[in-house]
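On a predicted model such as this, the values are computed, not experimentally measured, just so you know. Any value given below was found using the heavy atoms of this structure, including those in side chains, with hydrogens, waters and symmetry copies removed.
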Amino acid sequence: MSEKEEQDQPMNDGPSKPAMREALVAAAFELFLERGFEQTTVDDIVSLAGVGRRSFFRYFPAKEDVVFPDHERSLAEMTEFLASGTGEEDPVKHACDAARLVLRMYAEQPSFSVQRYRLTRKVPGLRAYELSVVWRYEHTLAAYLRGRFADRPDGPLRADVIAAAVVSAHNHALRTWLRSGGESDWVAEVDAAMAFVTETWSDRPAEPAGPEGGAPDDDVVVLVASRRAPLWRMVQGIESALDDPRRI
C-alpha cells in the first residue's frame with residue numbers, strides 16, 4: 001500500500017464524523033491565521049487534524065469551502081422556512097424573517113464568525129467566494145417572492161428588488177455586528193434593518209401597537225414544541241397563536 005493510500009484510510013481511533021468536520025475547520029483556521037490562507041495547503045490541514053485527504057474532501061469540495069462550513073445548512077433552513085408559509089403572511093416580512101436565520105447562524109459562533117470576517121477581508125479569493133454564497137441566498141429569496149407576486153404585472157421586478165434589499169439590509173446588520181467584534185446587539189441590528197425593508201416595501205399596514213407603543217395586549221402564550229424543533233418553527237408557532245385568539 002502506498003503512503004498516499006495509507007493516509008486516505010479511515011483511522012480506527014479517529015474522531016467521529018461531526019467531530020472530524022469540526023476538527024478540520026479548527027485546524028484550517030489555526031493554520032490560516034498562523035500562515036495565511038494562500039500559504040496553507042489541504043495537506044497541511046489534514047496533517048494538523050490527524051486525518052487523511054479523503055476525509056477532507058468528503059466534507060469540503062475545496063479549501064475555500066472550509067471557511068464557510070455552515071452555509072449549506074443555513075441555505076437549507078432558509079429554503080424550508082420560506083416553503084413553510086401559509087400564503088397568507090406578508091411575503092416581505094416572511095422574506096425578512098428568513099434572512100434573520102442567516103444572521104443567527106453567524107451569531108451562534110461569534111468568535112469564529114469574527115475570525116472569518118477578518119480573514120475574508122484579506123483574501124480576494126475568499127471575498128469572491130463569499131459573494132457567490134450571498135448570491136445563492138438572494139436567488140432563493142427572489143424565487144420565493146416571484147411565486148408570491150406572480151399575479152402582479154411588476155411581480156418579477158418587485159421580487160428581485162425586494163430580495164436584493166433584504167440581502168443588503170441583512171449584510172449591513174451583519175457587518176455592523178462583525179466590526180464590533182461580535183460585541184454589539186445583533187438582534188437589535190437585524191431588527192432595525194429588516195424593519196426598514198418591511199416599512200419600505202410591504203403593501204400591508206403596520207400592526208397596531210398597544211398603549212404607549214407596547215404590544216396590543218398582555219396575553220400569555222404557552223408553546224409546546226419538540227426539543228429538536230428549529231427555533232424558527234417555534235417562533236412561527238408563537239406568531240400563529242397570536243394571530244388566532246382561540247389558541248391563546
Side-chain angles (χ1 to χ4, degrees), residues 21-49 53-79 82 95-96 98-146 156 159-182 184 186 189-190 193-194 197:
R21 188 173 185 273
E22 293 175 4
L24 286 166
V25 173
F29 266 80
E30 181 178 336
L31 292 171
F32 293 158
L33 295 172
E34 177 185 326
R35 304 180 183 180
F37 179 80
E38 301 293 351
Q39 290 70 35
T40 300
T41 67
V42 171
D43 286 333
D44 294 331
I45 296 170
V46 299
S47 176
L48 182 59
R53 285 175 58 88
R54 185 177 300 171
S55 296
F56 181 92
F57 291 110
R58 184 179 299 128
Y59 294 103
F60 306 107
K63 187 173 67 170
E64 289 78 7
D65 293 284
V66 78
V67 182
F68 304 93
D70 297 321
H71 279 292
E72 290 299 327
R73 172 178 63 85
S74 182
L75 186 64
E77 287 184 355
M78 170 187 277
T79 303
L82 291 170
C96 287
R100 292 172 189 270
L101 300 176
V102 184
L103 209 154
R104 183 177 292 115
M105 178 267 291
Y106 280 89
E108 287 174 350
Q109 303 181 72
S111 297
F112 176 75
S113 296
V114 171
Q115 284 183 344
R116 173 168 55 194
Y117 172 71
R118 293 170 178 169
L119 181 65
T120 55
R121 301 283 70 76
K122 299 177 182 178
V123 183
L126 289 179
R127 289 201 297 272
Y129 186 95
E130 187 177 38
L131 288 175
S132 71
V133 172
V134 170
W135 179 85
R136 294 178 67 195
Y137 285 117
E138 184 174 331
H139 178 75
T140 300
L141 291 168
Y144 160 75
L145 291 168
R146 281 172 178 261
D160 289 350
V161 170
I162 294 175
V166 171
V167 169
S168 180
H170 168 274
N171 289 346
H172 173 82
L174 175 60
R175 285 192 297 267
T176 300
W177 177 71
L178 290 171
R179 287 168 182 162
S180 76
S184 67
W186 71 269
E189 298 289 356
V190 74
M194 296 301 108
V197 174

*asked:* Distance check, rounded to the nearest 0.5 Å: Leu75 atom CG versus Leu101 atom CG?
replied: 11.0 Å

*Approximate separation, where rounding is to 0.5 Å, of Leu131 CG and Leu126 CG*: 11.0 Å

*Just jot down the salt bridge (charged side-chain N to carboxylate O under 4.0 Å, His left out) partners of Arg136, sequence neighbours excluded, or say none.*
Glu72

*asked:* In the structure I gave you, are the side-chain heavy atoms of Val25 and Phe112 within less than 4.5 Å of one another anywhere?
replied: yes

*asked:* Can you give me the closest heavy-atom contact between Glu138 and Ala163, atom names plus distance?
replied: O-CB, 3.8 Å

*Looking at residues at least two apart in the chain, or sitting in another chain, which of them share a salt bridge (charged side-chain N to carboxylate O under 4.0 Å, His left out) with Arg179?*
none

*Could you check if a side-chain atom of Leu31 sits within less than 4.5 angstrom of a side-chain atom of Gln39, using non-hydrogen atoms only?*
no

_Heavy-atom pair of closest approach, residues Leu178 and Ser113_ = CD2-O, 3.7 Å

*Option passing ring-ring contact (aromatic ring centres under 6.0 Å, His included) with Phe68 (candidates Phe29, Phe60, Tyr106, Tyr129)*: Tyr129

_Restricting to side chain to side chain donor-acceptor pair (under 3.5 Å), what partner residues turn up for Asn171, sequence neighbours left out?_
none

*Could you state the interatomic distance from CH2 (Trp177) to NE2 (His172), rounded to the nearest 0.5 Å?*
15.0 Å

_Side chain Arg116, main chain Val67, donor-acceptor under 3.5 Å_ = yes

*Check ring pair (Phe, Tyr, Trp, His ring centres under 6.0 Å) between Tyr117 and all other residues, then give those that pass, not counting sequence neighbours.*
none

*asked:* How about NE2 on His71, more than 12 heavy atoms from neighbouring residues, nucleotides or ligands closer than 6.0 Å, or not?
replied: yes

_Student check: side-chain heavy atoms of Phe32 and Ile45 closer than 4.5 Å_ = yes

_Closest non-hydrogen atom pair, Val166 against Cys96_ = CG2-SG, 4.1 Å

*Summary of salt bridge (charged side-chain N to carboxylate O under 4.0 Å, His left out) pairs that have at least one residue in residues 117-128, sequence neighbours excluded*: Arg121-Glu130

*Taking the side chain as every heavy atom from C-beta outward, state whether Trp186 and Ser180 have any atom pair closer than 4.5 Å.*
no

*Would you please name every residue forming a side-chain contact (heavy atoms from CB on, under 4.5 Å) with Val161, sequence neighbours left out?*
Leu157, Trp201

_Applying salt bridge (charged side-chain N to carboxylate O under 4.0 Å, His left out), can you list everything that pairs with Arg175, at least two apart in sequence or on another chain?_
none

_Distance (rounded to the nearest 0.5 Å) between Leu48 CG and Glu30 CD_ = 5.0 Å

*What pair of heavy atoms forms the shortest contact from Gly182 to Val114, and how long is it?*
N-CG2, 3.8 Å

_Residues forming a side-chain contact (heavy atoms from CB on, under 4.5 Å) with Glu189, sequence neighbours excluded_ = Ala173, Thr176, Ser184

*Mind checking the CG-CG spacing from Asp65 to Leu24? Nearest 0.5 Å is all I need.*
12.5 Å

*asked:* Show the nearest heavy-atom pair for residues Arg21 and Tyr59, with the distance to one decimal.
replied: CD-CD2, 3.8 Å

*So, do Val46 and Ser55 sit near enough that their side-chain heavy atoms are less than 4.5 Å apart?*
no

_Any residue meeting salt bridge (charged side-chain N to carboxylate O under 4.0 Å, His left out) with Asp44, in chain and number order, not counting sequence neighbours_ = Arg35

*Under the side chain to side chain donor-acceptor pair (under 3.5 Å) rule, collect the residues that match up with Ser74, sequence neighbours excluded.*
Tyr137

*For Glu34, all residues meeting side-chain contact (heavy atoms from CB on, under 4.5 Å), sequence neighbours excluded*: none

_Go through it in stages, so that I can follow the logic: the residues are Arg104 and Glu108, the test is salt bridge (charged side-chain N to carboxylate O under 4.0 Å, His left out), and I'd like the CA-CA distance, side-chain angles, deciding distance and then a yes or no._
CA-CA 6 Å; Arg104 183 177 292 115; Glu108 287 174 350; over 6 Å; no

*Indicate yes or no for a side-chain donor-acceptor contact from His170 to the backbone of Val102 under 3.5 Å, with no hydrogens or angles considered.*
no

*List the atom of Ala165, the atom of Val197, and the distance in Å for their closest heavy-atom pair.*
O-CG2, 3.8 Å

*Quick one: does Ser168's side chain have a donor or acceptor within less than 3.5 Å of a partner on Ala164's backbone?*
no

*His139: what forms a ring pair (Phe, Tyr, Trp, His ring centres under 6.0 Å) with it, not counting sequence neighbours?*
Trp135

